[in-house]
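First the structure, in the form of structure tokens, and then the observations on it.
Please read all numbers here as calculations on a predicted model, not as lab measurements. Chain letters run A, B, ... following the sequence lines, proteins first and then strands; every chain starts at 1.
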Number of protein chains: 2
Amino acid sequence: MAITIKDVAKLANVAPSTVSRVIADNPRISQKTKERVRKAMKELGYHPNVIARSLASQSTKVLGLVMPGSADVTFQNPFFPNVLRGLSESAHEKNYALQMTTGKTDDEIYQDVIQMVHGRRVDGLVLLNSKVDDKIIKFLRSQNFPFIIIGKPYKYEAEISYVDNDNFRAAKEVTEYLLSLNHKRIAFIGGNRDLVLTIDRILGYEKALREAGLEFRDSYIVHAEFLEQGGREAMDELLRLDEPPTALVVTDDLMTLGVLHMLDEMGISVAKQMSIVSFNNVYLAQMTQPPLTSVDINIFSLGYEAAKNLILKIENPKEPIKRIIIPHQLVIRSSCEKLERK
Amino acid sequence: MAITIKDVAKLANVAPSTVSRVIADNPRISQKTKERVRKAMKELGYHPNVIARSLASQSTKVLGLVMPGSADVTFQNPFFPNVLRGLSESAHEKNYALQMTTGKTDDEIYQDVIQMVHGRRVDGLVLLNSKVDDKIIKFLRSQNFPFIIIGKPYKYEAEISYVDNDNFRAAKEVTEYLLSLNHKRIAFIGGNRDLVLTIDRILGYEKALREAGLEFRDSYIVHAEFLEQGGREAMDELLRLDEPPTALVVTDDLMTLGVLHMLDEMGISVAKQMSIVSFNNVYLAQMTQPPLTSVDINIFSLGYEAAKNLILKIENPKEPIKRIIIPHQLVIRSSCEKLERK
DNA sequence: TTGTACGCGTTATCAA
DNA sequence: TTGATAACGCGTACAA
């Protein structure tokens, strides 16, 4: 067996409880004994057993990450490594570890969550699966378990802490940018229409159009579950309209990649014939041809703030509900061109 | 406090140990009491406390993931979500959880590892950081702690379990494919030259050339730390050679994306003027223009097998050292063309 | 087949 | 300032 607190106690000639206090740097221990104990720890190569500590202190110093199902396409999105970076950094600063769900389906994930919570495996949860899972949230609320959402909850918005962008404003600004380039026929290509994210952005888009005195056309709204197949058809439809759009707002760089691909196949030149503004500004936004004008939503910060505030809540249960809005900025590259007035 | 084994015992009129045995499905408990106990568990909504269980059984049912530093570029590679998928699925099947390091620098990660191991936080480790970290491996070996590497260790190869592709063969085949398209001036663009991965692939590439009776030229070997800056210069050099290459072997789709970008800027047409074979075949390989011919290295399987075999080793310490080779296959798309013989 | 009693390595309470 | 001692919730020899 490994070296325990008792071994250290023996060597330092103190009681185990004293050693424990030294570890916690309890101020009521004399400097002398502290040093003596610490020397003993060094000598024996002592390392506290985290599990035992967790059991006794009823806290694990672990954050659970509720990922989208590994089967889910969003799992592949570069968005992920990026939030992870933010979460990691924040967790690391506060000495928390990160543990993730491994489920493939929504139901497996739900079970994972139950295990984590009931099994007392983690102190709090970060929900990353944009598919706002009602069951999970309901469960966590019923258990009064600390959690935070990245993205906006579709329900109980005032009672749940979350970290999000101002998607309404971002979409509005983006649309206004296209309007300023003289575009009037602007289509919107978004993901799942049930996502709050998608809805918020549509609303912003709509608002911009309305303020510009333009009509909002349903035929200009496309929901591509994801690139390829579905997307291609939607794109086809869009271009077959009597008045096809001259500009596109696409809600995800990866989707834009698919759009680029389709436009290429159709022989339509991006920027010259079709302006595109994208969202997320992941690394590949600058690698496409042409490089994408994209809204940087500060993915890293989304993760960083989420973990930070979750930990705050864990360590101080009275911490109020928070809603944290991460700033965004439009990064202009070469996927948009000014439309010459006819 | 939550419901414990004792509460269940009381309700079912048995000893706590009996409840424990029912949980473990011990065959020496009568069907009758099993049912009675299970009913009590349901009634009370009992869930075993994982932490307590870990402490008593000296096993956590958690695998540690040693990630590249979150600052590292490789962290952004779509390779990651993909191994994660494999690791997740495998872990989930065996009821293991996944916990990851959160360190940014190599040194922080090393500390993370020490914490995980000494703190008895995890039962085993999967090393995902291709930068074969000598210190970590040394430490794990000295502790006789179960671990497995994804990729090939650069040292102690025979004494460490790992999961890898046959990178030598893959690179050789890829080169032969280009040779079969009449290319004779084939350059190699790889990552860090210290990586075993890079070395193996260079060797395969060299072998193919040699077998074809072609000379191996140092000037055709480029190590781009990663896309952009460094890559651009290297590319420039390559094209300024007296005999510039007509084909490229690039060891990572993401790097290829950068190469595509540069070629585009230089007005060189991919396939027509420059054939490219890439590695990894991540989702974006089919989204580029043109879609990439790329070696599918079965990233998912790398992760799946790694977790599976690590668990095997954890649960049966006598399990022998293993070296698992995951098959690859060349996926032909449109980034190569036959070179007309002059 | 089931119960008793102790151990896992800490933290925390209460005395001293 | 420090030391006993009792939790924390569960697993498991050993007994019965």
Side-chain angles (χ1 to χ4, degrees), chain A residues 1-38 40-41 44-62 95 115-123 315, chain B residues 1-38 40-41 44-62 95 115-123 315:
Chain A
M1 278 306 101
I3 289 104
T4 78
I5 219 171
K6 285 181 193 168
D7 303 317
V8 178
K10 226 168 276 175
L11 182 62
N13 253 321
V14 294
S17 47
T18 303
V19 179
S20 175
R21 289 189 184 106
V22 173
I23 294 171
D25 203 22
N26 188 314
R28 310 189 308 188
I29 297 287
S30 75
Q31 210 52 37
K32 251 191 222 161
T33 44
K34 267 190 189 172
E35 275 160 28
R36 192 148 41 90
V37 170
R38 289 206 177 106
M41 301 200 306
L44 296 175
Y46 166 79
H47 285 267
N49 182 316
V50 187
I51 302 293
R53 177 183 288 196
S54 293
L55 183 59
S57 65
Q58 302 286 56
S59 107
T60 61
K61 290 283 217 165
V62 177
N95 282 310
Q115 286 304 322
M116 283 182 158
V117 173
H118 275 148
R120 296 267 174 279
R121 258 188 203 277
V122 299
D123 291 343
E315 300 188 341
Chain B
M1 281 301 103
I3 290 104
T4 79
I5 219 172
K6 285 182 192 166
D7 303 316
V8 178
K10 225 167 275 174
L11 182 62
N13 252 322
V14 294
S17 52
T18 304
V19 178
S20 175
R21 290 186 183 109
V22 173
I23 295 171
D25 204 21
N26 189 314
R28 310 188 307 186
I29 297 286
S30 77
Q31 209 53 38
K32 250 192 221 158
T33 44
K34 267 190 189 171
E35 275 160 28
R36 193 147 41 89
V37 170
R38 291 207 177 106
M41 300 199 306
L44 296 174
Y46 168 78
H47 285 266
N49 181 315
V50 187
I51 302 293
R53 177 185 287 198
S54 293
L55 184 59
S57 65
Q58 302 285 56
S59 106
T60 61
K61 291 283 217 166
V62 178
N95 282 310
Q115 286 305 322
M116 283 183 157
V117 173
H118 275 149
R120 295 267 175 282
R121 257 187 203 279
V122 299
D123 292 343
E315 300 187 341

- Check every atom of D/dG3, C/dT11, D/dC10 against the side chain of A/Ser20 and return the nucleotide holding the closest atom. C/dT11
- With axes from five pairs an end, tell me the bend angle of the helix from C/dT1-D/dA16 to C/dA16-D/dT1, nearest 10°. 40°
- Note on the structure: Whole-Å distance, A/Lys10 NZ to D/dG3 C1', equals 16 Å
- Query: What is the distance, rounded to the nearest whole Å, between atom CG of A/Asn13 and atom C1' of D/dT2?
  - Reply: 13 Å
- Query: Tell me: NZ of A/Lys61 to P of C/dT11, nearest whole Å?
  - Reply: 12 Å
- Distance from A/Ile29 atom CD1 to A/Glu35 atom CD, nearest 0.5 Å? 13.0 Å
- Does B/Gln58 have a side-chain nitrogen or oxygen under 4.0 Å from the phosphate oxygens OP1 or OP2 of D/dG11? no
- With rounding to the nearest 0.5 Å, note down the distance linking CZ in B/Arg121 to OG in B/Ser54. 11.5 Å
- Message: Does B/Asn26 reach a base, just sugar-phosphate, or nothing at all? Heavy atoms under 4.0 Å.
- Response: nothing
- Query: Within a radius of less than 6.0 Å around NZ of A/Lys34, do more than 12 heavy atoms belonging to other residues, nucleotides or ligands occur?
  - Reply: yes
- Task: Please evaluate the base of D/dT2 for a donor-acceptor partner in the side chain of A/Arg36 within a cut-off of under 3.5 Å?
- Result: no
- Task: Respond yes when some side-chain nitrogen or oxygen of A/Gln31 is under 4.0 Å from OP1 or OP2 of D/dT1, and no when none is.
- Result: no
- Which one, C/dT11, C/dG9, D/dA4, comes nearest to the side chain of A/Ser57? C/dT11
- Task: Find which nucleotide of DNA chain C each of B/Arg28 and A/Ala56 is nearest to by heavy atoms, and output the residue with the more 5' nucleotide.
- Result: B/Arg28
- Note on the structure: Winner on side-chain proximity to A/Asn49, out of C/dT10, D/dG11, D/dG3, is C/dT10
- Task: Please confirm whether any donor atom in the side chain of A/Ser17 sits under 3.5 Å from an acceptor in the base of D/dA4, or the reverse.
- Result: yes
- Can you tell me the distance, in whole Å, between the CD1 atom of A/Ile51 and the P atom of C/dG9? 12 Å
- Sugar-phosphate only, base, or nothing, as touched by B/Leu55 at under 4.0 Å among non-hydrogen atoms: base
- Return the value, rounded to whole Å, for the distance between atom NE2 of A/His47 and atom P of C/dT10. 12 Å
- From CE of B/Met41 across to C1' of D/dC10 the rounded distance in Å is 14 Å
- Query: Hey, does B/Asn13 have a side-chain heavy atom less than 4.5 Å from the side chain of B/Arg36?
  - Reply: yes
- Where the side chain of B/Ser30 is defined as all heavy atoms beyond and including C-beta, which of C/dT2, C/dC8, C/dT13 is the nearest nucleotide? C/dT2
- Does the side chain of A/Asn95 reach to within under 4.5 Å of the side chain of B/Gln115, using non-hydrogen atoms? no
- Query: Which whole-number value in Å describes the distance from B/Lys6 NZ to D/dA6 C1'?
  - Reply: 11 Å
- Query: Given that A/Arg53 and B/Ala52 both sit by DNA chain C, which one's nearest nucleotide is further toward the 5' end?
  - Reply: B/Ala52
- Task: To the nearest 0.5 Å, tell me how far B/Ile23 CD1 sits from B/Thr18 OG1.
- Result: 11.0 Å
- For the base of C/dT1, is there a side-chain donor-acceptor partner from B/Thr33 under 3.5 Å away? no
- Message: By the 4.0 Å heavy-atom rule, please label B/Val19 as base, sugar-phosphate, or nothing.
- Response: nothing
- Query: With a non-hydrogen cut-off below 4.0 angstrom, is A/Pro48 in contact with a base, only sugar-phosphate, or nothing?
  - Reply: sugar-phosphate
- Would you kindly give the CZ-to-P distance between B/Arg21 and C/dT1, to the nearest whole Å? 12 Å
- Hey, what do you get for CG (A/Leu11) to CE (A/Met41), rounding to the nearest 0.5 Å? 11.5 Å
- Item | Minimum side-chain heavy-atom gap B/Lys61-B/Val50 below 4.5 Å | no
